[in-house]
Participant: 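This structure is in structure tokens; I'll ask about it shortly.
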Amino acid sequence: MSILTTGKTFANGEQLSASKLNQVITGATFNASDAVDGSSITLIGGAIAVNDGGVTFAKLADVIDSDTMEGASATKLATSESIKAYVDNSAGGFTPSTYNSEESVTFPNGLIMKFGTVTVAGNTTTSLNFGAAFNATVSAQLTPQENSTFDRFQIKIDSLSNSTLIIRETQGTPVTVHWQVIGR
């Protein structure tokens with residue numbers, strides 16, 4: 001037997017109208033005896049409610065309570081505690097997989113970021129060797145630390161390879177430069 005019985009039945013080809021839809025809604029009945037099992041589900045003031053103790057562990061067998069989300073699937077629920085622990089432990093892939101207070105970070109997807117600060121003397125080049133070379137470089141950025149004699153065209157990337165960044169100062173004034181190279 002159905003839990004909800006509609007107030008109107010439509011015939012094939014019958015035209016739908018607002019009054020007929022209203023008949024469906026106003027004439028609908030709720031069969032509480034089929035909706036409520038008496039042990040876990042009850043009616044309170046016309047609303048369906050869960051009885052105290054009505055939900056047992058056996059009924060929650062498809063809920064994951066594991067900080068590693070072991071056994072998770074598209075059809076299982078997880079506790080908020082498990083979800084929080086899983087996210088905190090994996091950090092969504094944004095936590096570097098390596099960083100030892102060095103000037104290099106390797107991310108889980110294989111992307112490597114090397115960075116640091118160097119002072120480049122006036123009218124010279126400064127060569128920065130990366131230690132462990134990239135397989136390929138993607139980008140290099142320089143951010144000069146501004147001072148009263150700074151000219152924005154004063155500092156340039158002279159060259160970039162998989163193992164070395166060479167920075168050129170063109171105005172004759174030492175400049176402190178924050179640098180970053182990204183690659184794989």
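Any value given below was found using the heavy atoms of this structure, including those in side chains, with hydrogens, waters and symmetry copies removed. Since the structure is predicted, the reported quantities are computational estimates derived from the model, not experimental observations.
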Participant: Is it true that, when you exclude Lys20 itself, more than 12 heavy atoms of the residues, nucleotides or ligands shown sit nearer than 6.0 Å to its NZ?
Facilitator: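 Counting neighbours around NZ of Lys20, more than 12 heavy atoms of other residues, nucleotides or ligands fall under 6.0 Å, so yes.
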Participant: Could you check whether any side-chain N or O of Ser82 sits under 3.5 Å from a backbone N or O of Ser66, counting only pairs where one atom can act as donor and the other as acceptor?
Facilitator: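 Yes, Ser82 side chain to Ser66 backbone: donor-acceptor pair under 3.5 Å.
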Participant: Check whether Gln154 reaches the backbone of Val175 with its side chain - one donor and one acceptor, N or O, closer than 3.5 Å.
Facilitator: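 Absent.
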Participant: Report the C-alpha distance between Lys76 and Val63 in whole Å, list the side-chain angles of each, state the deciding distance to 0.1 Å, and finish with yes or no for side-chain contact (heavy atoms from CB on, under 4.5 Å).
Facilitator: CA-CA 6 Å; Lys76 292 186 178 183; Val63 174; over 6 Å; no
Participant: Only one of Ile166, Leu128, Val181, Ile167 clears side chain to side chain contact (heavy atoms under 4.5 Å, CB included) with Leu160; which?
Facilitator: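 Of all the options given, the one that passes is Val181.
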Participant: Hey, could you give me the OG1/CZ distance between Thr124 and Arg168, rounded to the nearest 0.5 Å?
Facilitator: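 Rounded to the nearest 0.5 Å, the OG1-CZ separation comes to 8.5 Å.
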Participant: Would you confirm whether Gln23, through its side chain, and Thr26, through its main-chain N or O, come within 3.5 Å as a donor-acceptor pair?
Facilitator: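 Side chain of Gln23 to backbone of Thr26: no pair is present.
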Participant: Tell me the closest heavy-atom pair linking Asn123 and Glu169, and the distance in Å.
Facilitator: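 That would be N-OE1, 2.6 Å.
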Participant: For residues Ala140 and Leu165, report the shortest heavy-atom separation together with the two atoms involved.
Facilitator: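 Result for this residue pair: CB-CD1, 4.4 Å.
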Participant: Just verifying a value: how many Å separate Arg184 CZ and Ile112 CD1, rounded to the nearest 0.5 Å?
Facilitator: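 It comes to 8.5 Å.
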Participant: Do you know which two heavy atoms are closest between Phe115 and Val105, and how far apart they sit?
Facilitator: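 The pair with the smallest heavy-atom distance is CE2-CG2, 3.6 Å.
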Participant: Crowded around Glu81 CD? As in, over 12 foreign heavy atoms under 6.0 Å?
Facilitator: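 Atom CD in Glu81 is crowded, with more than 12 foreign heavy atoms closer than 6.0 Å.
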Participant: Kindly compute the distance separating CD (Gln145) from NE2 (His178), expressed to the nearest 0.5 Å.
Facilitator: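 Nearest 0.5 Å value for the CD-NE2 distance: 4.0 Å.
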Participant: Where is the tightest heavy-atom contact between Trp179 and Val118, given as atom of each residue plus distance?
Facilitator: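 Taking Trp179 first and Val118 second, the nearest heavy atoms are CD1-CG1, 4.1 Å.
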Participant: With no hydrogens and no angle check, just 3.5 Å: does a side-chain donor-acceptor pair link Ser139 and Gln141?
Facilitator: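 Per modelled atom types, Ser139 and Gln141 side chains form a pair under 3.5 Å.
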Participant: As an exercise, state the distance from OH of Tyr86 to CG of Asp67, rounded to the nearest 0.5 Å.
Facilitator: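 Going from the OH atom of Tyr86 to the CG atom of Asp67 covers 11.5 Å.
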Participant: Minimum heavy-atom separation for Leu16 and Phe10, please, with both atom names.
Facilitator: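 For Leu16 and Phe10, the tightest heavy-atom pair comes out as CD1-CZ, 3.7 Å.
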Participant: Nearest 0.5 angstrom please: Ile83 CD1 to Leu77 CG, how far?
Facilitator: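 Going from the CD1 atom of Ile83 to the CG atom of Leu77 covers 8.5 Å.
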Participant: Treating Lys114 as the side-chain partner and Ala132 as the backbone partner, does any N or O pair qualify as donor plus acceptor under 3.5 Å?
Facilitator: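 Indeed, once roles are kept as given, a pair shorter than 3.5 Å links the two residues.
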Participant: Working note: Thr119 + Thr176, criterion side chain to side chain donor-acceptor pair (under 3.5 Å); need CA distance, chi angles, decisive distance, verdict.
Facilitator: CA-CA 4 Å; Thr119 298; Thr176 300; 3.2 Å; yes
